[in-house]
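Working notes for the structure below.
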Amino acid sequence: MKATYDIKAAQDKWRPVWEKLDPFRAKDDGSAERRYALTMYPYPSGDLHMGHGEVFALHDVLARYWRFRGYDVLNPIGWDSFGLPAENAAIRNNEHPATYTYANIETQAESIRRYGMSFDWSRRLHTSDPDYYRWQQWMFLRFYEKGLAHRKASWVNWCPNDQTVLANEQVVQGECERCGATVTKRELTQWYFKITDYAQRLLDDMDQLGRWPEPILTAQRNWIGRSEGAYIDFPVEGPNGERRAPVRVFTTRPDTLFGATFFVVAADARLAAELCTDEQRSAYEAYLEKVKQETEVDRLAVDRKKTGVFLGVHATNPATGERIPVYAADYVLADYGTGAIMAVPGQDQRDWDFAEAFDLPIVRTVQPPDDFDGEAYVGEGPAINSANDEISLDGMAVDEAKAAITEWLEKKQAGEGAVTYRMRDWLISRQRYWGCPIPIVHCEACGEVPVPDDQLPVELPDLRGHDLAPKGVSPLAAASEWVNVDCPKCGGKAKRDTDTMDTFVDSSWYFLRYCNPHYEDGPFDPEAVRRWMPADNYFGGAEHAVLHLLYFRFFIKVLHDLGMLDFVEPTLSLVNQGQVINQGARMSKSRGNGVDLGEQIDNFGVDAVRLTMVFASPPEDDIDWADVSPQGSVRFLQRAWRLAHDVAGEPGVDPVTGDVSLRQVTHRTVHDAAELIDSFRFNVMLARIMELVNATRKAVDSGCGPADPAVREAAETVAVLLSLVAPYTAEEMWEHLGHEPTVANADWPEVDPELLVQESITAVVQVQGKLRAKLEVSPDITDVDLERLALADANVQRAVGDREVHRVIVRAPKLVNVVVG
RNA sequence: GCCCCCGUAGACCAAUCGGCAGAGUCGCCGCUCUUAAACAGCGGUCAGUGUGGGUUCGAGUCCCACCGGGGGCACCA
């Protein structure tokens, strides 16, 4: 029976020691360069799950590594503790959401501690604490003063299950991102943050995000959806020829203006109702009623027939002077561009479909290729049918024609070049209880009145259980004592705003608060933030690509513009960990393939689970738990530990007299591990540690023996490197090797550059690209010498035979390639 | 439909600048230990890189097309 250690005993033994020594508290005293290691804070739903296990294990490698390298590391943890699951649980169990929330936080905190994370617990925060959301209300008021938070009436996404509105970002394929219910539309007055004002800067500043994953940047670019084109004004006249106010459209194809044969307004846009004549009123209203019934899913269905209704008025095409009919239809969106389009069936398939359904004329203004047999032609080609008395586009390429017609429109004051974005403003109102109240009072006399700063926080009233049952309006509306207040301005009768903020507002600034979480003079301590931000790395899931990861960028830009920050991006480095799946599929109750983190830890120990998480794949790849072997991780950790057990030399011995070949492996491993961590290749780093363990084992058993100073050096190196991933095992090793706890305070092994230099290197010799010989050469051999050696080699000469040597490519000291005729 | 990422042993994954396809792990096979088995240890095993072209002295790596998987956007004018 080989010597082993008991991981469970080690877990119980070291936790109190670490908590006493508390080595991971950020010093923030200027004694070392600062690094901010940020990881997405958890939502307190039950205990930690496998996903937390992965992201925490990965994040901790980096945080512990930076500390080893002498940085003063800020590695905080907190909880995203407002949100619907707690509220729904409270309704079910007739209790207060706080009860469920804070109980889960304690459960998770305990699990995180057991998991051996190097967090600085002194900075812990919860977004549901009044101390936290107070400052969110304060920032909301600053946004409000700048016109960046405002109320407007609009058709909004409504989740009939959660009984609340949703932001565009929270609707995925027409379904609620949270609960999966089919989203419907409602016309409501809601609070918005004007993220659209920042669309261009959100795009431009991506240049700074050099260490963000490309897929996230692409997703954000798609989401923002920048389009270049032009606004064009169309004069409108009523049924008897009376002139009406002109209507502006946005188009990306101003070059096709001559082909605009009709005009469409979004059915649900106010403009449609305004344009509609009395004769067409009932037809329009019937149509609008039908449109309103449609869900988002219906609307997005493919191969949908085009529908619409004539509004009784005509527009005039400013290029052709022709009267064209104006329709209302649901294929035009009210809140994109101007809510109205010029329809060019010749160059747009949607318009083509509508033209066919309503028997409208089709004029091509771009010449399709001879072999084109489709309907609308959207490709490149020379303009045709595009001339009037003042301008002719005929013969021009698309880009040239766009520029020419835009210039003409601008000269005629009938339009202008323009850019629009697909992204909409961020809808932040939620008709639910467990969130940050919006600090606005609605006064009968004064209208919207901000709650004065000195009356913050607006705390949530004490509601629980059935008080919180969804009724389509916020549960806060029923708390009459809370709702009815005196107007802060005139003292008259007023009511509090009863909506709460989207919890993505909470997560847009928590990392600023971490820098000094007990700061009392503002949402964050500007000096502390200057010292720590932007975060040096952020670990978290890719599911937030166009949610949190967009919102927090927006928030930082606004705070910058408010003069509160001197940077414009929250972090320049982001890593998205993959998901932990099982048997090729996401874990779920219905599949019955769930894996419980706690059970895995009970079976294999914390260290083996963490090691498995880090070793299984590159951080950004999914881990299929069916493909990995926590038992193999246990085996490796025992092997590593056994090295410490076998070391026979005394502590403090100078390793220089030790076995050189083992020392070379040790030093090479330390050197490479640093580079691998810097490039987030943690799985490869672990492979290198395993290699070192194997080499040391060999040295002990059949090499220099357990008493050689190089063996001690190697074992100590393994302990330090391994502590990044397996802190309990590393601590056991460190103690066994005769050192005081904690290994976290050990010095990062210094690399001796001389031990990285190899005395000889294997050069390969190819003939016609095929391997023919290997030569042991000095690493600093010259091209000339290497070529001579290679050509003299018997195998090479045989491969060359009597053919003529045309060319010899030499890449000393690694390779020679002989090209023969 | 448009855009992005990824395809390497039975599985998970390595392979700095284009330069010997294999570091590590799992699995499997054999041996050692054991009364036996498990555990553990030691040794071994298998691919020419999704397919087809191209560039190059040389391609897993660069380029093009296609196939397969994952993701984003999508009636956005």
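Convention: sequence-line order gives letters A, B, ...; per-chain numbering from 1.
Spacing between atom CG of A:Asp330 and atom P of B:A77 amounts to 17 Å, rounded to whole angstrom units. Computed from coordinates, the A:Arg668 CZ to B:U16 C1' distance equals 12 Å when rounded to whole Å. Protein atom CZ of A:Arg248 is 15 Å distant from nucleotide atom C1' of B:A77, rounded to whole Å. Regarding A:Leu686, its CG atom lies at a distance of 9 Å from the C1' atom of B:G24, rounded to whole Å. Regarding A:Trp212, its CH2 atom lies at a distance of 16 Å from the C1' atom of B:C4, rounded to whole Å. At whole-Å resolution of the value, CD1 in A:Ile224 and P in B:G72 are 16 Å apart. As rounded to whole Å, 6 Å separates atom P of B:G41 from atom CZ of A:Arg642. Atom OH in A:Tyr331 sits about 16 Å away from atom C1' in B:A74, given to the nearest Å.
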Whether each nucleotide of nucleotides 8-14 of chain B has a protein heavy atom under 4.0 Å at its base (B), only at its sugar-phosphate (S) or at neither (-) is summarised, 5' to 3', as ---SSSS

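The side chain of A:Leu333 has B:A77 as its nearest neighbour among B:C3, B:A77, B:A40. Nearest to the side chain of A:Lys698, among B:G43, B:A23, B:C26, sits B:G43.
Within the structure, a side-chain polar atom (N or O) of A:Tyr336 is placed less than 4.0 Å from OP1 or OP2 of B:A77. In this structure, A:Arg221 does not reach the B:G72 phosphate: none of its side-chain N or O atoms is under 4.0 Å from OP1 or OP2. Taking side-chain N and O atoms only, A:Arg639 has a distance below 4.0 Å to OP1 or OP2 of B:C42. One finds a side-chain N or O of A:Arg807 lying less than 4.0 angstrom from the OP1 or OP2 phosphate oxygen of B:C57. Taking 4.0 angstrom as the limit, A:Arg635 places a side-chain polar atom (N or O) nearer than this to OP1 or OP2 of B:G27.
B:C12 and B:C17 have their C1' atoms separated by 28 Å, given to the nearest Å. Atom name C1', nucleotides B:U51 and B:A59: the rounded distance is 16 Å, in whole Å. B:U32 and B:A37 have their P atoms separated by 11 Å, given to the nearest Å. Nucleotides B:G10 and B:U49 have their P atoms positioned 13 Å apart, rounded to a whole Å. For the C1' atom pair drawn from B:C6 and B:U61, the interatomic distance equals 14 Å after rounding to whole Å. Comparing B:C63 with B:U56, their C1' atoms are spaced 12 Å from each other, to the whole Å. As rounded to the nearest Å, B:C28 and B:C33 have P atoms that lie 22 Å from one another. For the P atom pair drawn from B:G44 and B:A23, the interatomic distance equals 12 Å after rounding to whole Å.
Listed by chain and residue number, A:Asp233, A:Glu416 satisfy the salt bridge (Lys or Arg N to Asp or Glu O under 4.0 Å) test with A:Arg248 (two or more places apart in sequence, or in another chain). A:Gln347 is linked by a side-chain hydrogen bond (donor to acceptor under 3.5 Å, both in side chains) to A:Thr365, counting only residues two or more places apart in sequence or in another chain. For A:Asp6, there are no side-chain hydrogen bond (donor to acceptor under 3.5 Å, both in side chains) partners two or more places apart in sequence or in a different chain. Remark: A:Glu804 pairs with no residue by the salt bridge (Lys or Arg N to Asp or Glu O under 4.0 Å) rule, at least two apart or across chains. A:Thr252 is linked by a side-chain hydrogen bond (donor to acceptor under 3.5 Å, both in side chains) to nothing, counting only residues two or more places apart in sequence or in another chain. The side-chain hydrogen bond (donor to acceptor under 3.5 Å, both in side chains) check on A:His548 picks up A:Tyr538, with sequence neighbours excluded.
Positionally, the nearest nucleotide of RNA chain B for A:Glu214 lies more toward the 5' end than for the other of A:Val818 and A:Glu214. Take the nearest nucleotide of RNA chain B for A:Trp223 and for A:Asp672: the residue whose nucleotide is more 5' is A:Asp672.
Using a 4.0 Å heavy-atom cutoff across all strands shown, A:Ala219 reaches sugar-phosphate atoms only and no base atom. No engagement by A:Val808 is indicated, since no non-hydrogen atom pair under 4.0 Å with the nucleic acid exists. No engagement by A:Arg226 is indicated, since no non-hydrogen atom pair under 4.0 Å with the nucleic acid exists.
Cation-pi check for A:Lys306 over A:Tyr331 is met; the charged atom lies under 6.0 angstrom from the ring centroid and within 45 degrees of its normal.
Between A:Pro630 and A:Asn603 the shortest side-chain heavy-atom distance does not fall below 4.5 Å.
At least one donor-acceptor pair under 3.5 Å links the side chain of A:Tyr287 to the backbone N or O of A:Thr307. The closest donor-acceptor contact from the side chain of A:Arg807 to the backbone of A:Val819 lies at 3.5 Å or more, if one exists at all. The backbone N or O of A:Thr196 lies less than 3.5 Å from a partner atom in the side chain of A:Asp425, making a donor-acceptor pair. Side-chain atoms of A:Thr782 come within 3.5 Å of backbone N or O of A:Asp785 as a donor-acceptor pair.
Base orientation for B:C17: syn, the chi torsion being within 90° of 0. B:G71: glycosidic angle beyond 90° from 0, hence anti.
Using a 4.0 Å cut-off between charged nitrogen and carboxylate oxygen, A:Arg697 and A:Asp646 count as a salt-bridge pair. Salt-bridge formation is detected for the pair A:Arg424/A:Asp335: a Lys NZ or Arg NE/NH1/NH2 atom is positioned less than 4.0 Å from an Asp or Glu carboxylate oxygen.
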I would like to know whether A:Gln349 and A:Asp353 meet side chain to side chain donor-acceptor pair (under 3.5 Å); could you show each step before the answer? CA-CA 6 Å; A:Gln349 189 59 42; A:Asp353 293 341; 3.0 Å; yes

Show the atom names and distances, to 0.1 Å, of all donor-acceptor pairs under 3.5 Å that link a side chain in residues 665-674 of chain A to residues at least two apart or in another chain.
unit_1: A:Thr666; atom_1: OG1; unit_2: A:Leu662; atom_2: O; d: 3.0
unit_1: A:His667; atom_1: ND1; unit_2: A:Asp752; atom_2: N; d: 2.9
unit_1: A:His667; atom_1: NE2; unit_2: A:Arg663; atom_2: NH2; d: 3.4
unit_1: A:His667; atom_1: NE2; unit_2: A:Glu713; atom_2: OE2; d: 2.8
unit_1: A:Arg668; atom_1: NH2; unit_2: A:Leu756; atom_2: O; d: 2.7
unit_1: A:Thr669; atom_1: OG1; unit_2: A:Val665; atom_2: O; d: 2.6
unit_1: A:Asp672; atom_1: OD2; unit_2: A:Arg688; atom_2: NH1; d: 2.7
unit_1: A:Asp672; atom_1: OD2; unit_2: A:Arg688; atom_2: NH2; d: 3.0

What N/O pairs connect the protein and nucleotides 17-19 of chain B at under 3.5 Å? Give each pair on its own line.
unit_1: B:G19; atom_1: O6; unit_2: A:Arg811; atom_2: NE; d: 3.3
unit_1: B:G19; atom_1: O6; unit_2: A:Arg811; atom_2: NH2; d: 3.3
unit_1: B:G19; atom_1: N2; unit_2: A:Gln766; atom_2: OE1; d: 3.2
unit_1: B:G19; atom_1: N2; unit_2: A:Asn817; atom_2: ND2; d: 3.2

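Within the structure, side chain to side chain donor-acceptor pair (under 3.5 Å) contacts touching residues 622-637 of chain A (residues at least two apart or in different chains) are A:Gln600-A:Trp625, A:Thr612-A:Ser633.
Contacts between residues 688-695 of chain A and RNA chain B, defined by a heavy-atom separation below 4.0 Å, involve A:Met690, A:Glu691, A:Asn694, listed by number.
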Would you sketch RNA chain B in dot-bracket for me? Only Watson-Crick or G-U wobble pairs with both distances under 3.5 Å count, crossing pairs as [ ], other-strand pairs as |, the rest as dots. (((((((..((((.....[..).)))((((((.......))))))....(((((..]....))))))))))))....

